[in-house]
S.K.: 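Take this structure first; my questions come after.
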Amino acid sequence: MSRGRIPLMHEAYDIHGVQEKWLPVWDELAPFRSGLPDDPRPKKYVLDMFPYPSGDLHMGHAEAYAMGDVIARYWVEKGFNVMHPIGWDSFGLPAENAAIKRGGDPRDWTYENIAVQKASMRRYACSFDWDRVLHTSDPEYYKWNQWIFLEMYKKGLAYKKLSPVNWCPGCQTVLANEQVVAGLCERCDSAVTKKKLSQWYFKITDYADRLLDDMDQLEGKWPEKVLQMQRNWIGRSSGAEVVFDIEGRDTPISIYTTRPDTLYGATFMVVAVDSELAAELAAGGPVESEFKTYLEEVKASSDIDRLATDRKKSGIFLQRYAINPVNGEKLPIWASDYVLADYGTGAIMAVPAHDQRDLDFARAMKLDVRVVVETGEEDPNVSGIATSGDGVMVNSGSLNGLDKAEAIAKVISELAEKKLGKLAKNYRLRDWLISRQRFWGTPIPIIHCPSCGEVPVPEDQLPVELPSAKGLDLKPKGTSPLGSATDWVNVKCPKCGADAQRDSDTMDTFVDSSWYFLRYIDPHDATQAFDPKKIEEWMPVDQYVGGVTHAILHLLYSRFFTKVLHDLGYVKFTEPFTRLLNQGMVLMDGSAMSKSRGNLVKLSEELDRHGVDAVRLSMIFAGPPEDDIDWADVSPQASVKFLNRAWRISCDVTSEAGVDFASGDLGLRKITHKAIHDIGYAVETFRFNVAVARIMELVNHTRKAIDSGCGPADPAVREAAQAIAIALSLMGPFTAEEMWANLGHKPGVALAGWPEVDPALLEEDSVVAILQVNGKIVDRIDISPNITDAELEKLGMENEKMAAAIAGAAIKKSIVRAPKLVNIVI
RNA sequence: GCCCCCGUAGUCCAAUGGCAGAGACAGAGGACUUAAAAUCCUUCCAGUGUCGGUUCGAGUCCGACCGGGGGCACCA
């Protein structure tokens, strides 16, 4: 029998024993502490989106944190001082709902869950810096929410206005535009209705252009999909504002259009039925009562009805007329719900020939359709399909014969001369409604005084702490539960000392998460939200990791806050997250896991069954990080098998720690160094699944070397085993630590350092070049990697199979790419 | 309706415009074993959704279509 064929080590290591063994050691070692003064390592900030504490961690968390850990651990191995913090986004409705259901205080539920999640993160071996933990529901945190609010208030960026808002009858609270999904509340799926309320807003629309234009900085560093979604959401369009005189009205009306070229095709005007303009135009007129009836009908319909695109057009003729500024024509003015009150000016010119919605309306109301762009398509009067493409202007006075772009330019300049129009931009983005009529959130630091009006709470009185929930009825009833905390609400006006009342609304919890990444840098600083000097050292975040579900809301708001803080002089950068990685979701049998669907996989059970390392490895190996993982396609048992295979390598090594690798088997050394190089590259390019495959490859080669190659005593085997342990520590930290100990090292492998790659060992002795004729492979030859084009071509031409394939034909061209191929074209 | 992404073995997935297969799951066979498990070894399986184009050469680039997923949506 040859040595090494004897079945030596076929037992597996004790998965759970290993976990219990190393966790206390790591607690002591704290390899991921990043707050030490005089740490000479270059800094890197790796950030995982912080969790909401709703029960224990689930499979989705496990995936996200596995991905974040690969990145954070990699950069630690590469010698960086990596800040990888964690905290809890711990204000929010579920805590409040739980408190309503079970009685008690949302605080209890929240902090109990945080403790559970924290324990699970430790068990999962997350490489977090536990000295930086923050909870957004702690007064020491939300104090600074209030401070930022007041900073924005001073600049006019936080303001209160009375306007129709999205109202969720289920949650009994207002919602931001962003929280309404297809007309439904994103949280409880109730049909959202409109309600006219006085609410607090952040003026994010002031930043629309910058939020859009600064995305250039993120190009190639954020997923294209997310950039696309944000662009869609902001929805910038450019066009013109055109002024129409109104018969019997002193002031004219402006409309917004993206197609000023079609101005001669306008045959009527439409104002939003729920706009003040419509009410004014109808007031005192012959159709006032009909108008009011129609308005009531529209108000009663839900957003879902309004969103239905195949809905019949409705409207009412107001018996008023607008004058088309280009030709003086009288256009009847209609009120309809297909025009939105809060976009543009709430009024449009209708060009039915070239806009489908206008055409639908014109046909329903029997209004004129006038073609002014000849596109070569069928007449919309006949087809019922508006022609929206480019063409030649007709019936358009001075614009006749021009194309779209020319016509737009000309008509705008003509209108501008007469001060009847100008270039204009519009956005889909609306201001961010931040007040909520709920308890478990940051109190808005404003006091309402009968004589002074809105008075900001003086900074030295922050935080405005939430009162105890005891004795308060938290049940949703349309006004904030804080309103009934009389001791809390009733205060003296800071300005005049008169009896006054606190604002009883709380802030949207997205406010909390819009700047938490700044607070991590010094989470317990009692004197300021953050220290601008320390911010400079760490920010912006080098790598952000989280789900694509936050592609719009959280990421847009965080970008907005960063720009505001920049303008206020607190930070020097304008984008908070340099790079972004969106991990996919964990599915089961093709769909998202849910209790009701019955396909829920419990993380804790998977960890019990397969161990932490196998679950982590399975998550990472399943596919590219951005892809969804179907847990049904994943085999954690296969990961267990591989981890054992890797572990056994460390058991077989017989050389001493510290042995000089230089004398080791050259073949294996080359494989090892190539692997180290490839694994690092794969990690840096987010191809973690490929990194795992490369480690597997290295394990396979090392196994072969031990069993039937250079043998377990060869220094190259130790070099390979150590490389495996270090690389594997990114995905399977327990197994890696166990290997590291087997190899005679002190803990921990997390700080072992990424092995240096020797460039000399990356050079191959020989490579295979392919010989092609007309792009078809004829033969393969072994050659030196340093061969020149000329030498390779010569070898190609001398090759017998090539000669046979060319068969004496005239050579038109030869392409040589040393050392890879020769292609002869005949 | 507008915009974006993705289609590679039975499955999950690799492949700077240059050998379609790195890695794994499942399957088959073998070694070891009294047997099984574990372990080790060997092995089968697609020409890249379809049709065109560019190119010496296309899974990769371009166009159209088919299929799947996602975002926005009476935003003028």
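Order of the sequence lines sets the chain letters (A, B, ...), proteins ahead of strands, with each chain counted from 1.
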S.K.: Which one is paired to B/U55, where only Watson-Crick or G-U wobble pairs with both distances under 3.5 angstrom count?
M.R.: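 Checking every strand shown, B/U55 finds no partner, since no pair has both distances under 3.5 Å.
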S.K.: What does A/Ser814 touch in the nucleic acid at a heavy-atom separation under 4.0 angstrom: a base, only the sugar-phosphate, or nothing?
M.R.: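 The answer is nothing, as A/Ser814 stays clear of every strand by at least 4.0 Å.
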S.K.: Within the structure, does a side-chain N or O atom of A/Arg645 lie under 4.0 Å from either OP1 or OP2 of B/A38?
M.R.: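 No, A/Arg645 has no side-chain N/O under 4.0 Å of OP1/OP2 on B/A38.
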S.K.: Consider the side chain of A/Lys704, meaning its heavy atoms from C-beta on, and name the nucleotide among B/C72, B/U42, B/C56 that approaches it most closely.
M.R.: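 Out of B/C72, B/U42, B/C56, the nucleotide with an atom closest to A/Lys704's side chain is B/U42.
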S.K.: Would you measure the distance from the C1' atom in B/G18 across to the matching atom in B/G30 and give it in whole Å?
M.R.: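 Pairwise C1' distance, B/G18 against B/G30, rounds to 38 Å.
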S.K.: In the strands shown, is B/C44 matched to any nucleotide by a Watson-Crick or G-U wobble pair with both distances under 3.5 Å, and which?
M.R.: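 Across all strands, not a single nucleotide pairs with B/C44.
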S.K.: Backbone N or O of A/Ser591 within a donor-acceptor pair of the A/Arg597 side chain at under 3.5 Å?
M.R.: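 No, the answer is negative, given that no donor and acceptor are paired below the 3.5 Å cut-off.
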S.K.: Any non-hydrogen side-chain atom of A/Val767 less than 4.5 Å from a side-chain atom of A/Ile787?
M.R.: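 Heavy-atom side-chain distance check fails, nothing below 4.5 Å.
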S.K.: Go through B/A76, B/C19, B/C72 for me and flag the one nearest to the A/Thr257 side chain.
M.R.: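 Per side-chain heavy atoms of A/Thr257, the pick is B/A76.
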S.K.: Could you walk me through whether A/Asp652 and A/Arg648 satisfy the salt bridge (charged side-chain N to carboxylate O under 4.0 Å, His left out) test, starting with their C-alpha distance in whole Å, then the side-chain angles of each, then the deciding distance to 0.1 Å, before giving a yes or no?
M.R.: CA-CA 6 Å; A/Asp652 290 353; A/Arg648 277 195 305 274; over 6 Å; no
S.K.: Can you tell me the base-pairing partner of B/U60? Count Watson-Crick or G-U wobble geometry only, both distances below 3.5 Å, and say none if there is no partner.
M.R.: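 With both distances under 3.5 Å required, B/U60 matches none.
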S.K.: Roughly, in whole Å, what's the span from CG in A/Leu553 to C1' in B/G71?
M.R.: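 Value for this atom pair: 13 Å.
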S.K.: At 4.0 Å (heavy atoms only), tell me whether A/Asp342 reaches a base, stays on the sugar-phosphate, or touches nothing.
M.R.: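 Result for A/Asp342 = nothing.
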S.K.: With both distances under 3.5 angstrom, what nucleotide forms a Watson-Crick or G-U wobble pair with B/C2?
M.R.: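 B/G71 is the nucleotide pairing with B/C2.
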S.K.: From C-beta outward on A/Trp233, which listed nucleotide comes closest to its side chain: B/C72, B/G23, B/A76?
M.R.: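 Of all the options, the side chain of A/Trp233 is nearest to B/C72.
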S.K.: Using the P atom as the point on both nucleotides, what is the distance between B/C3 and B/A64, in whole Å?
M.R.: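 11 Å, rounded to whole Å.
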S.K.: Please tell me which of A/Arg259 and A/Met229 maps to the more 5' nucleotide of RNA chain B, matching each residue to the nucleotide holding its nearest heavy atom.
M.R.: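 Result: A/Met229.
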S.K.: Here's a test of your reading of the structure: between A/Tyr256 and A/Gln230, which maps to the more 5' nucleotide of RNA chain B?
M.R.: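 Nearest nucleotide further toward 5': that of A/Gln230.
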S.K.: Would the distance check show the side chain of A/Asn774 and the main-chain N or O of A/Lys776 forming a donor-acceptor pair, the cut-off being under 3.5 Å?
M.R.: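 No, the answer is negative, given that no donor and acceptor are paired below the 3.5 Å cut-off.
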S.K.: In Watson-Crick or G-U wobble terms, both distances under 3.5 Å, what is the partner of B/U39?
M.R.: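 For B/U39, the partner nucleotide comes out as B/A31, under the 3.5 Å rule.
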S.K.: Rounding to an integer number of Å, can you tell me how far A/Asp779 CG sits from B/C19 C1'?
M.R.: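 My rounded result for the distance is 11 Å.
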S.K.: Strictly by modelled atom types, are A/Ser650 and A/Asn742 linked by a side-chain donor-acceptor pair under 3.5 Å?
M.R.: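 Judged by distance alone, the side chains do pair up.
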S.K.: In whole Å, measure the gap between the P atoms of B/A22 and B/A36 for me.
M.R.: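 My reading of the P atoms in B/A22 and B/A36 gives 33 Å.
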S.K.: Does A/Ser635 have a side-chain nitrogen or oxygen under 4.0 Å from the phosphate oxygens OP1 or OP2 of B/A26?
M.R.: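 Indeed not, no polar side-chain atom of A/Ser635 lies that close.
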S.K.: Taking the chi torsion of B/G17, is it syn (within 90° of 0) or anti (everything else)?
M.R.: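 Anti conformation for B/G17.
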S.K.: Would you say A/Arg428's side chain and A/Ile234's backbone share a donor-acceptor pair under 3.5 angstrom?
M.R.: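 A pair under 3.5 Å: no.
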S.K.: Over 60° means perpendicular and under 30° means parallel, so tell me whether A/Trp647 and A/Tyr13 are parallel, tilted or perpendicular.
M.R.: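 Taking A/Tyr13 first and then A/Trp647, their aromatic rings sit tilted (interplane angle of 30° to 60°).
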S.K.: Name the closest nucleotide to the A/Tyr343 side chain, picking from B/C74, B/A76, B/G23.
M.R.: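 Minimum distance to the A/Tyr343 side chain belongs to B/A76.
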S.K.: Apply salt bridge (charged side-chain N to carboxylate O under 4.0 Å, His left out) to A/Asp355 and A/Arg259, showing your working.
M.R.: CA-CA 10 Å; A/Asp355 182 286; A/Arg259 294 293 304 274; over 6 Å; no
S.K.: From the options B/A76, B/C74, B/C56, select the nucleotide whose nearest atom is closest to the side chain of A/Val825.
M.R.: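 That would be B/C56.
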S.K.: Look at the side-chain N and O atoms of A/Tyr338 and state whether any lies under 4.0 Å from the OP1 or OP2 oxygen of B/A76.
M.R.: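 For B/A76, OP1/OP2 do not have a side-chain N/O of A/Tyr338 under 4.0 Å.
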S.K.: Test your reading of the model: is there a side-chain donor-acceptor pair from A/Asp337 to the backbone of A/Val298, 3.5 Å cut-off?
M.R.: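 Answer holds: no.
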S.K.: Taking the P atom of each, how far is B/A20 from B/G59, in whole Å?
M.R.: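 To the nearest whole Å, 9 Å.
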S.K.: C1' atom, B/U60 versus B/G47: distance in rounded Å?
M.R.: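 Rounded to whole Å, the distance is 14 Å.
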S.K.: Each nucleotide N or O in nucleotides 5-7 of chain B that has a protein N or O under 3.5 Å away: list the pair and distance.
M.R.:
none

S.K.: For B/C25, does OP1 or OP2 lie under 4.0 Å from any side-chain N or O of A/Lys641?
M.R.: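 A/Lys641 to B/C25 OP1/OP2: side-chain N or O found under 4.0 Å.
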S.K.: What is the distance, to the nearest angstrom, from the CD1 atom on A/Ile255 to the P atom on B/C74?
M.R.: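 Whole-Å distance recorded here is 19 Å.
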S.K.: Under 3.5 Å between N/O atoms: give me all the protein pairs with nucleotides 12-18 of chain B, atom names plus distance.
M.R.:
from, atom 1, to, atom 2, distance (Å)
B/C12, O2', A/Ala622, O, 2.7
B/C13, O3', A/Asn689, ND2, 3.3
B/A14, OP1, A/Asn689, ND2, 3.4
B/A15, OP1, A/Arg687, NE, 3.4
B/A15, OP1, A/Arg687, NH2, 3.4
B/G18, N2, A/Gln772, OE1, 2.9
B/G18, N2, A/Asn823, ND2, 3.3

S.K.: Using a cut-off of under 3.5 Å, enumerate the N/O to N/O pairs linking the protein to nucleotides 1-3 of chain B.
M.R.:
from, atom 1, to, atom 2, distance (Å)
B/C3, O2', A/Gln228, NE2, 2.8

S.K.: Hey, is NE2 on A/His677 packed in by over 12 heavy atoms from elsewhere, all under 6.0 Å?
M.R.: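 At most 12 heavy atoms, drawn from other residues, nucleotides or ligands, come within 6.0 Å of this atom.
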S.K.: Expressed in angstrom and rounded to an integer, what is the separation of A/Asp337 atom CG from B/A76 atom C1'?
M.R.: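 After rounding, the gap between these two atoms is 14 Å.
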S.K.: For nucleotides B/G7 and B/G49, find the distance between their P atoms and express it as a whole number of Å.
M.R.: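 Per the computed distance, 8 Å lies between those P atoms.
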S.K.: Answer with yes or no whether A/Lys812 presents, from its side chain, a donor or acceptor under 3.5 Å of a partner atom in the base of B/C56.
M.R.: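 Absent.
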S.K.: Any side-chain to backbone donor/acceptor pair from A/Asp390 onto A/Lys404? Under 3.5 Å, distance only.
M.R.: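 Judged by distance alone, yes, a pair lies under 3.5 Å.
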S.K.: I'd like the C1' distance from B/A14 over to B/C25, given in whole Å.
M.R.: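 Per the computed distance, 15 Å lies between those C1' atoms.
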S.K.: Say whether A/Arg687 and A/Thr685, considering side chains only, have a donor N or O and an acceptor N or O under 3.5 Å apart.
M.R.: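 Their side chains do contain a donor-acceptor pair, which is all the 3.5 Å distance test asks for.
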S.K.: Using atom P of each nucleotide, how far apart are B/U54 and B/C41 to the nearest Å?
M.R.: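 B/U54 and B/C41 have their P atoms separated by 49 Å.
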S.K.: Are A/Phe268 and A/Phe361 close enough that their ring centers fall under 6.0 Å?
M.R.: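 Ring centroids of A/Phe268 and A/Phe361 are less than 6.0 Å from each other.
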S.K.: A/Tyr13 has an atom OH; how far is it from atom P of B/A38, in whole Å?
M.R.: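 These atoms are roughly 16 Å apart.
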S.K.: Between B/A76 atom C1' and A/Glu241 atom CD, what is the distance in whole Å?
M.R.: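 Going from A/Glu241 (CD) to B/A76 (C1'), I get 13 Å.
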S.K.: Would you classify A/Val351 as touching base, sugar-phosphate or nothing, given that sugar-phosphate means primed atoms plus P, OP1 and OP2, and contacts are heavy atoms under 4.0 Å?
M.R.: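 Answer is nothing: A/Val351 stays at 4.0 Å or more from every strand.
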S.K.: Strictly distance-based, threshold 3.5 Å: is any side-chain N or O of A/Thr387 a donor or acceptor partner for the main-chain N or O of A/Thr375?
M.R.: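 Side chain of A/Thr387 to backbone of A/Thr375: no pair is present.
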S.K.: Between A/Asp782 (side chain only) and A/Val768 (backbone N and O only), is there a donor and an acceptor less than 3.5 Å apart?
M.R.: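 Pair absent, no side-chain N/O of A/Asp782 close to backbone of A/Val768.
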S.K.: Using atom NZ of A/Lys313 as one end and atom C1' of B/A76 as the other, report the distance to the nearest whole Å.
M.R.: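 Distance, rounded to whole Å: 11 Å.
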S.K.: Just how far, in rounded Å, is P of B/C72 from CG of A/Leu227?
M.R.: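 Going from CG in A/Leu227 over to P in B/C72 covers 15 Å.
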S.K.: Paired with B/C12: which nucleotide, if any, by Watson-Crick or G-U wobble criteria at under 3.5 Å for both distances?
M.R.: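 Partner of B/C12: B/G23.
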